[in-house]
Number of protein chains: 2
Amino acid sequence: MTPRPYVSRARAAAAEARRQAVIEAAAAFMRANPMTVFSLESVAAAAGVTRLTVYKQFGSRGGLLEAVFDVLARNGRLGRIADVVTDPDPREGLMRLAEVFCDFWSGDAAVGRLHDAMATDPDLARALSERNERRRRAVAALLERMQLPATAGQRRDAADLIFALTSYPMFRLLSGGRSAAGACALIKAACSDALDRLTARPPAGRASGTHWH
Amino acid sequence: MTPRPYVSRARAAAAEARRQAVIEAAAAFMRANPMTVFSLESVAAAAGVTRLTVYKQFGSRGGLLEAVFDVLARNGRLGRIADVVTDPDPREGLMRLAEVFCDFWSGDAAVGRLHDAMATDPDLARALSERNERRRRAVAALLERMQLPATAGQRRDAADLIFALTSYPMFRLLSGGRSAAGACALIKAACSDALDRLTARPPAGRASGTHWH
DNA sequence: ATTTGAGTATACGGCTTGTAATTCTAAAAA
DNA sequence: TTTTTAGAATTACAAGCCGTATACTCAAAT
């Protein structure tokens, strides 16, 4: 009973097409419904396949969510990050970085839903956190290129602050009753302030001397 | 068969004691475990009661979570907010406000777990959002008292930015690899910068003229 | 024509949140 | 002290998840 060679071209293509259909159906479902009603049964029905097919394709609920995030990142033009980190003017690059991510956070509602799912899916949380670290490294690289008169600790503080300012939770908090452009302007202003703190001011700033118990 | 009057003193007291025990058991469970394994069965067992007792006391899972949040807010010394909004120096009051909330976010790990639960529990999300609006109003009140040379829109932007800076997501993002005191210092510095933008700078700041598509 | 693989159908087990009916227990009233 | 009564425990049930296992279908590759 030695298995004979079998390479399926059309079958693999059809499977890949169905896989993409399931991913798109999941993304569409996430755009239209809160994450509390997201279930494999629902997306399977929306994609016209069975729940078992989803399992065969993605292994688990978390696997499907990670696959959805991958296409979201691909469609979200996050490839621009490579451009902005090499911007001749690092400061301008940082502003463009903020714009790229505001664009990403506001472009597809499914992105926010995925962030909600992080609370219930530890695997997805790790995957997204890892992706976010790329943003932190991009910010740090831009800061390094700015030749700032600051200690390593101050640079790290600034990088972490800008990392947080350009995060999805920050964007969501500022998006209440405000356009995406307005939220982006606020975020860029705050990032700019964080940079000014490192350049124009004395090492011990106005509020850094206060106590905290 | 007209029921005769019956007012239970000791029984009601015992019920209230059990209620508090359930709340404390839930908080302890949340401190020790991630929210993904939180179930009424677990907390009921930890509290030494039955799951049905939890339902009789709190009505639902969300009801229990809201009750937990109430005692957390009570223990978290959030009553200091009333003091800081009436601080003679509004700017100092804002710094104290940031400290009060950094204290709250870092004081009990259950607070963070409750924020995680917001993603799965819409009722809890509404309840916590409503509480958070109190913070926004406190920030706005302090800003009003500062007599800033700014338009209403600029004040609203600053209030929203400071509201976001003092939120739990911001604190969590800045707490990675940093002490609570360090995160608080960063947050206060950012808040201070947001105020400086309204006072010392021209109405059109350095980064506010950039575009966003 | 026969093997092969992907999808389907069906079923099960385990865990959740809720609800319902019944019984037990101890405190309050007579 | 005896009876009434509220609260909790017990048991059971319905529905919805996720995840897995087995057998079956059917089109594609050999």
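Each chain gets a letter, A, B and so on, in the order the sequences are listed, and its residues count up from 1.
In this structure, A:Ser42 and B:Val54 both approach DNA chain D, and ranking their closest nucleotides by distance from the 5' end singles out B:Val54. Each of A:Lys56 and A:Leu52 has a nearest nucleotide on DNA chain C; the 5'-most of these lies closest to A:Lys56.
Annotation: ring-ring contact (aromatic ring centres under 6.0 Å, His included) contacts of B:Phe163 (sequence neighbours excluded): none.
Separating the CZ atom of B:Arg18 from the C1' atom of C:dA26 is a distance of 10 Å, rounded to the nearest angstrom. A straight line from CG of A:Leu64 to C1' of D:dC18 spans 13 Å, rounded to a whole angstrom. Rounded to an integer number of Å, the gap from CG of A:Asp123 to C1' of D:dG19 is 14 Å. Rounded to an integer number of Å, the gap from A:Arg61 CZ to D:dG16 P is 17 Å. The CZ atom of A:Phe38 sits 12 Å away from the C1' atom of D:dC18 (whole-angstrom rounding). We find that CD of A:Glu16 is positioned 10 Å from P of C:dG7, with the value rounded to whole Å. Counting to the nearest Å, the P atom of D:dG19 and the CG atom of A:Asp121 are 8 Å from each other.
Contact check, A:Ser60 against D:dC18: no side-chain N or O comes under 4.0 Å of OP1 or OP2.
Closest to the A:Leu40 side chain, of the nucleotides D:dA8, C:dA9, D:dG19, is D:dG19. Of the candidate nucleotides D:dC18, C:dT19, D:dG7, D:dG7 has the atom lying nearest to any side-chain atom of B:Ala15. Among the nucleotides D:dG19, C:dG18, D:dT10, the one closest to any side-chain atom of A:Tyr55 is D:dG19.
For the pair B:Glu24 and B:Arg31, the salt-bridge criterion is met [side-chain N within less than 4.0 Å of a carboxylate O]. The pair A:Asp123-A:Arg126 counts as a salt bridge, with a side-chain nitrogen and a carboxylate oxygen less than 4.0 angstrom apart.
A:Gln57 comes within 4.0 angstrom of sugar-phosphate atoms only, judged by non-hydrogen atoms across all strands, and of no base. At a threshold of 4.0 angstrom between heavy atoms, the contacts of A:Arg51 include nucleobase atoms, whether or not backbone atoms are also involved.
Remark: B:Arg135 qualifies as a cation-pi partner of B:Phe101 under the 6.0 Å distance and 45° angle criteria applied to the six-membered ring.
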Original post:
Could you walk me through whether A:Asp160 and A:Arg156 pass the salt bridge (Lys or Arg N to Asp or Glu O under 4.0 Å) check?
Top reply: CA-CA 6 Å; A:Asp160 289 350; A:Arg156 202 177 85 92; 3.8 Å; yes

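With hydrogens and angles ignored, no donor-acceptor pair under 3.5 angstrom links the side chain of A:Arg11 to the base of D:dA29.
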